[in-house]
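Beneath this line is the structure, given in structure tokens, with notes to follow.
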Amino acid sequence: MGNVHKSWWKEAVIYQIYPRSFKDSNGDGIGDLRGVISKLDYLANLGIDAVWLNPIFTSPNDDNGYDIADYCGIMPEFGTMDDFDELLAGLHQRNIKLILDLVANHSSDEHPWFQESRKSRANPYRDYYHWWPAENGKPAHRESYFDINRDAWMYDEQTNAYYLHYFSRKQPDLNWENPQLRKEIYRIIQFWYDKGVDGFRMDVIPFISKDTQFPPIPDRYKGSFGDFYAKGPNLHAYLREMNEKVLMKYPQTVSIAEGVGVKAEDVYLYINPERKELDMLYHFEGMDVGYIPGGFKELHPDGFSLLEFKQVYTKWDKAFDKGWGTIYLGNHDQPRMLSRWGNDSAEYRDLSAKMLLTFLLTMRATPFIYHGDELGMTNIKFDDIADYRDIESINMHQYLKANGGDLQHFINIQKLTARDNSRTPFQWDDTENAGFTKGTPWIKVNPDYKHTNVVKQEKDKDSVLHYFRNLTALRKTHSTLIYGDYELLDALNEAIYAYRRKDENGEYMVMLNFTSATARVNFVLDVEPQLLITNYGDIDLSEMALRPYQAAVLKLKP
Ligand code: GLC
Ligand code: CA
């Protein structure tokens, strides 16, 4: 520490755009690349350094682009390759990097590889996927995340065989044990890097290697099969090979693992620079805080424990020491940050949104900000299954229906946890459809858009949006907030998350009240502080008290 090797991606604030929901340019109700192009100045004014775009490639959209039919083609609904080139140039002109999404654990069943593969057992593409001949009986159970039967083996009559799909039936798993397939993936990365793309976020990358004997999953993985999927025999050999064959040829780019199933004690395997695999990883342990273990994404009715939350982020700060960390509180797979970790009531929504953003922008890790969180967008909380668009919610509902599950209970939970909560259209203004589209949006707009929208917040100096801009500027001007050591303070405080950031350039203190009551920290300052930012007018340092959801960043003068 202190002597960390510096890189642009360690200093960057990464802004995630879910293109389907960001801005529609042609009135078909679907966000698109020209929509993003029309908002380039908005992005530049946020003070962000990179954009991560969810998949924009040709896809039948069974899982909104995470089922790819052509890795080097643009989804027609999103635009053309010319639009893409213009977007990339427009971002680069504004000094913003572009990170794309590599979905290489599986393709679409409509990808030509799979179309060929399923034709015959002798087809040259047969081994691009995992097939199990049915005359050998059914292979050991594999759990599927999205299948209506939760079964990851799908029988295909044409060749009397089962194929593997950890996600939906339309997302067959690619066979990384086949060197030919691996070469294809490296070619795809190279294609985009030759265009000038600055990095890839790698979808469920820990799942790529499989024991092709498909033995039964050991009992200890019951209820956490993802942890088993993340432990394939050749995973790290493949990551090293990918690094050697393609990533290291583009040293200015960044690779980010979606660290599903990865434990803190194993993260160094991915991100320790000496191992030459990947640059960063984002973990799920933070997201799991407050979930009832074994339930289907079911939150504990009493909310989450801040003590546990602090322990998790402190543990990961340490684990990331061997490389570099990431931090996020929401994305397209999670409910809205504000509804999940803050308080979306009228009284506290803006305050708690600012408090959570303060956390993200002052930790020793690269922050990922999901679009809309800079405004304090909230969960839509759909009551009716007909309003849901996400295959995860729809298929789980079907599964429960077929198996006598409690559907009302399921909907109640979905209001808090469904992915569609974060996929509603971005709220630009208070005109119809929040200015997202002139047509009918592919998913309903959150009715709170009159309160929460860009135009309104631009005019209000106290808005969440302005506060976010102040935070990105603050992180840029105080390098200790990026590279300085992190130390948890007042660990047993159940209301306040307080920590110190410190290096040779200075010492800072961050204090965050996660509750709707005034709370105190159990320490006093022995040096005179300078208040750098707070979401209230001032802070009561004589009492060391924080108002409801108050956040404060102090610089401690030596
Ligand atoms: C990742 C993506 C998610 C997708 C899944 C399958 O978790 O973030 O959106 O459904 O992988 O590709
Ligand atoms: Ca469109």
Side-chain angles (χ1 to χ4, degrees), residues 16-39 52-57 59-69 71 74-80 83 99-109 111 143-147 152 164-174 200-208 226 229-230 256-262 281-284 287-288 297 328 330-335 368 370 389-396 418-423 425-426 433 435-443:
Q16 183 192 347
I17 293 181
Y18 196 67
R20 179 163 289 268
S21 302
F22 192 59
K23 174 72 186 166
D24 174 24
S25 71
N26 62 351
D28 67 355
I30 297 171
D32 45 51
L33 299 183
R34 298 223 67 84
V36 183
I37 292 170
S38 72
K39 296 298 180 185
W52 156 28
L53 263 189
N54 290 96
I56 53 168
F57 316 105
S59 164
N61 285 305
D62 191 49
D63 183 21
N64 287 359
Y66 282 95
D67 47 321
I68 296 174
Y71 287 87
I74 302 292
M75 186 193 305
E77 285 173 331
F78 283 179
T80 64
D83 295 333
I99 297 166
L100 295 181
D101 213 313
L102 182 78
V103 189
N105 174 69
H106 45 270
S107 74
S108 163
D109 66 337
H111 194 293
E143 185 93 3
S144 161
Y145 285 92
F146 299 157
D147 194 79
L164 182 71
H165 64 93
Y166 283 174
F167 295 90
S168 91
R169 293 172 184 183
K170 290 184 64 61
Q171 295 170 294
D173 281 48
L174 289 162
F200 272 107
R201 171 268 188 189
M202 301 188 170
D203 190 67
V204 294
I205 196 79
F207 289 3
I208 55 176
Y229 292 169
I256 307 154
E258 184 197 19
V260 52
V262 179
L281 174 147
Y282 68 84
H283 64 83
F284 280 65
M287 290 300 117
D288 291 344
K297 287 183 137 190
Y328 71 107
N331 61 31
H332 68 293
D333 290 330
Q334 303 294 337
F368 285 68
Y370 182 61
R389 295 288 172 270
D390 180 11
I391 185 171
E392 179 179 76
S393 301
I394 294 168
N395 285 5
M396 191 65 192
R419 306 196 296 183
D420 277 341
N421 283 304
S422 63
R423 298 178 177 185
F426 192 89
N433 295 323
F436 164 70
T437 181
K438 298 236 179 311
T440 309
W442 70 276
I443 187 170

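From a predicted model like this one, the values you see are computed outputs, not experimental measurements. Both counts, for ligands and for their atoms, begin at 1 and track the order of listing. All heavy atoms count here, side chains included; hydrogens, waters and symmetry mates do not.
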Margin query: One thing to verify: whether D109 and K170 come together as a salt bridge, which I'm taking to mean a side-chain N less than 4.0 angstrom from a carboxylate O.
Written below: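 D109 and K170: salt-bridged.
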
Margin query: For D67, is there an ion pair with R169 - N to carboxylate O distance below 4.0 angstrom?
Written below: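 No, no charged N to carboxylate O under 4.0 Å.
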
Item checked: Distance-only donor-acceptor check, side chains Q171 and N105, under 3.5 Å ->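 No donor-acceptor contact under 3.5 Å links the two side chains.
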
Notebook entry, point to check: Is the closest side-chain donor-acceptor distance between D62 and S168 under 3.5 Å?
Noted result: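 Result is yes, a qualifying pair exists.
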
Notebook entry, point to check: Going by the order shown, which atoms of ligand 1 are within less than 4.0 Å of some heavy atom of R419?
Noted result: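 Listed by number with element: 3 (C), 4 (C), 9 (O), 10 (O).
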
Checklist line | Per-atom contacts of ligand 1 with H106, taking only distances under 4.0 Å to non-hydrogen atoms | finding: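 Selected atoms, number and element: 6 (C), 12 (O).
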
Item checked: atom 3 (C) of ligand 1: nearest protein contact (heavy atom, Å) ->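 Going by distance alone, atom 3 (C) of ligand 1 is nearest to D333 OD1, 3.2 Å.
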
Item checked: R20 to W442 six-membered ring, cation-pi geometry met (6.0 Å, 45°) ->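 Geometry flag: set, cation within 6.0 Å and 45°.
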
Next item on the list: Would you please determine whether M202 falls within less than 4.0 Å of ligand 1 on a heavy-atom basis?
Entry: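 No, M202 has no heavy atoms under 4.0 Å from ligand 1.
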
Margin query: Any non-hydrogen side-chain atom of D83 less than 4.5 Å from a side-chain atom of I74?
Written below: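 When only atoms from C-beta onward are counted, I74 and D83 do not touch, as no gap falls below 4.5 Å.
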
Checklist line | Location of contacts on Q334 toward ligand 1, heavy atoms closer than 4.0 Å | finding: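 The answer is neither; Q334 stays 4.0 Å or more away.
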
Notebook entry, point to check: Backbone, side chain, both or neither: what part of F146 comes under 4.0 angstrom of ligand 1, heavy atoms only?
Noted result: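 For F146, the contact with ligand 1 is made by the side chain alone.
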
Next item on the list: Check which protein N, O or S atoms are less than 3.0 Å from the Ca ion (ligand 2) and report how many there are.
Entry: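 N, O or S atoms of the protein closer than 3.0 Å: 5.
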
Margin query: Tell me the nearest of D62, N64, D203 to atom 1 (C) of ligand 1, using heavy-atom distances.
Written below: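 Selected option, by shortest heavy-atom distance: D203.
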
